[in-house]
Amino acid sequence: MRTRGTLCAAAVLALSAVMGCTGGDGEDRARPGGPAASAPRGAGPSGPSASTSPGATPGSPSATPAPVDPVSLPALIRRDHQGSDLRLGRVLARTSAYTSHEVTYEANGLTVSGLMNIPRGEGPFPALVLAHGYIDPAIYTTGRGLSREQDLLARNGYVVLHTDYRNHARSDKDPDNDVGLRLGYTEDVIGAALALRSSGRPEIDTRRLGLLGRSMGGGVVYNTLVVAPGLFDAAVAYAPVSAHPEENIDQFQRPEGDPLVAEIEAAHGTPEENPKFWREVSPVTYADRVTEPLLIHHGTADTTCPIRWSREAVAAFEAAGKDVELRTYRGEGHTFYPQWARSMDVTMAFFEQHLG
């Protein structure tokens, strides 16, 4: 197992002051919403949990699956996800510990941009995909949202691929993504993992791959684990949104009078009108599919994403017999500034354990 030194808390706090103490480069200041490689180790619909895939018609194995709503986790579970053509672009920064590049990759037919930090030294290095929280796409720039994590994780020996998601920065556009409850972001994260695995780059140890998401990106983590079990080796979520998309709409969009709410409900119905649809966009409905260990960090003073959301998600994963741990931080808010250094010590120990 490779030993990666952990920065002391004081050094990390100093770093976070330099990188920005909001914890998100503007993340969550606006409302958060809800052809190459195939997934390894059984990820996706052919994976180890395929027998629990929703929408299948009972009967013989050759029975034709029942139709599913194209905007649903069952639809993503059935999809043959593609991720390929990871390309390094211009150098954004060179430090004593890593080089930062603009990147693009292909995910289910779309080109997605992002940022990748590659550690200096002899690889291959384990790799992490980072899923950022909500930032208005109109102001978003490449790599924004998780700059502290990008830096610290690369300094500790991880290749870090921060995905911009579709509709962000230089990524291709998907005009239906918002009405589709932004499930496309889950496809982008899966595509990032598959692009890393198929890249052939000598710096990347394709046998060791982790996932980290924050706020809205924490919800993307939940979705990814149920859609593509086995694709990652371990996952971490910081202050995640609710696992029930209707709660996110009620928390973030409805109070602001967001016109998108009416479009969503016109397309899919309200939870009262169409409970089946809303069950099928909740990852806890399919908690039995998860195969990776999951670590969740949440502050008790978080008023953006209430901690009860994480407690409820953990209860659902535990009821399904999954390896999930919730770390709580007394008095910590959504930005995770005061106790971020301690939480990252825990995060890196967790990845060391499961990706080592």
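A quick note: this is a predicted structure, and the numbers were derived from the prediction, not measured.
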- Task: Return the set of residues passing side-chain contact (heavy atoms from CB on, under 4.5 Å) with Thr270 (not counting sequence neighbours), or none when no residue passes.
- Result: Glu265, Glu272, Glu273
- Task: Please go through Leu92's hydrophobic cluster and name the other residues, only I, L, V, M, F, W, Y counting, with side-chain heavy atoms under 4.5 Å joining them.
- Result: Leu115
- Task: Could you tell me which residues satisfy side chain to side chain donor-acceptor pair (under 3.5 Å) with Arg311, sequence neighbours excluded, listed by chain and number?
- Result: none
- Message: So which atom in Phe351 and which in Gly210 form the shortest heavy-atom distance, rounded to 0.1 Å?
- Response: CE2-CA, 4.1 Å
- Sequence-distant partners of Ser199, side-chain contact (heavy atoms from CB on, under 4.5 Å), two or more places apart: Leu86, Arg201, Ile204
- Item | Side-chain donor-acceptor pair present, Ser72, Glu280, cut-off under 3.5 Å | no
- Item | Which residues share a ring-ring contact (aromatic ring centres under 6.0 Å, His included) with Tyr329, sequence neighbours left out | His297, Phe336
- Message: Rounded at 0.5 Å granularity, tell me how far CZ in Phe232 sits from CZ in Arg208.
- Response: 15.5 Å
- Query: With a 3.5 Å cut-off and no angle check, do the side chains of Thr163 and Asp188 form a donor-acceptor pair?
  - Reply: no
- Message: Regarding Glu106 and Ser84, do their side chains bring together a donor and an acceptor under 3.5 Å, going by distance alone?
- Response: no
- Message: Assess the residue pair Asp233 and His354 against the criterion (side-chain hydrogen bond (donor to acceptor under 3.5 Å, both in side chains)); give the C-alpha distance rounded to whole Å, side-chain angles, the decisive distance to 0.1 Å, and a yes or no.
- Response: CA-CA 7 Å; Asp233 298 297; His354 295 291; over 6 Å; no
- Message: Under the rule for side-chain contact (heavy atoms from CB on, under 4.5 Å), what residues qualify as partners of Ala97, not counting sequence neighbours?
- Response: Thr95, Arg155
- Asn108: what forms a side chain to side chain donor-acceptor pair (under 3.5 Å) with it, not counting sequence neighbours? His81, Glu187
- Query: With sequence neighbours left out, what residues match Tyr105 under ring-ring contact (aromatic ring centres under 6.0 Å, His included)?
  - Reply: none
- Can you name the side-chain contact (heavy atoms from CB on, under 4.5 Å) partners of Arg170, sequence neighbours left out? Glu102, Thr104, Ser113, Thr142
- Which residues pass the ring-ring contact (aromatic ring centres under 6.0 Å, His included) test with Tyr165, sequence neighbours left out? His132, His168, Tyr185
- Message: Just to verify, what does Asn167 make a side chain to side chain donor-acceptor pair (under 3.5 Å) with, not counting sequence neighbours?
- Response: none
- Applying side chain to side chain donor-acceptor pair (under 3.5 Å) to Asp172 and not counting sequence neighbours gives none
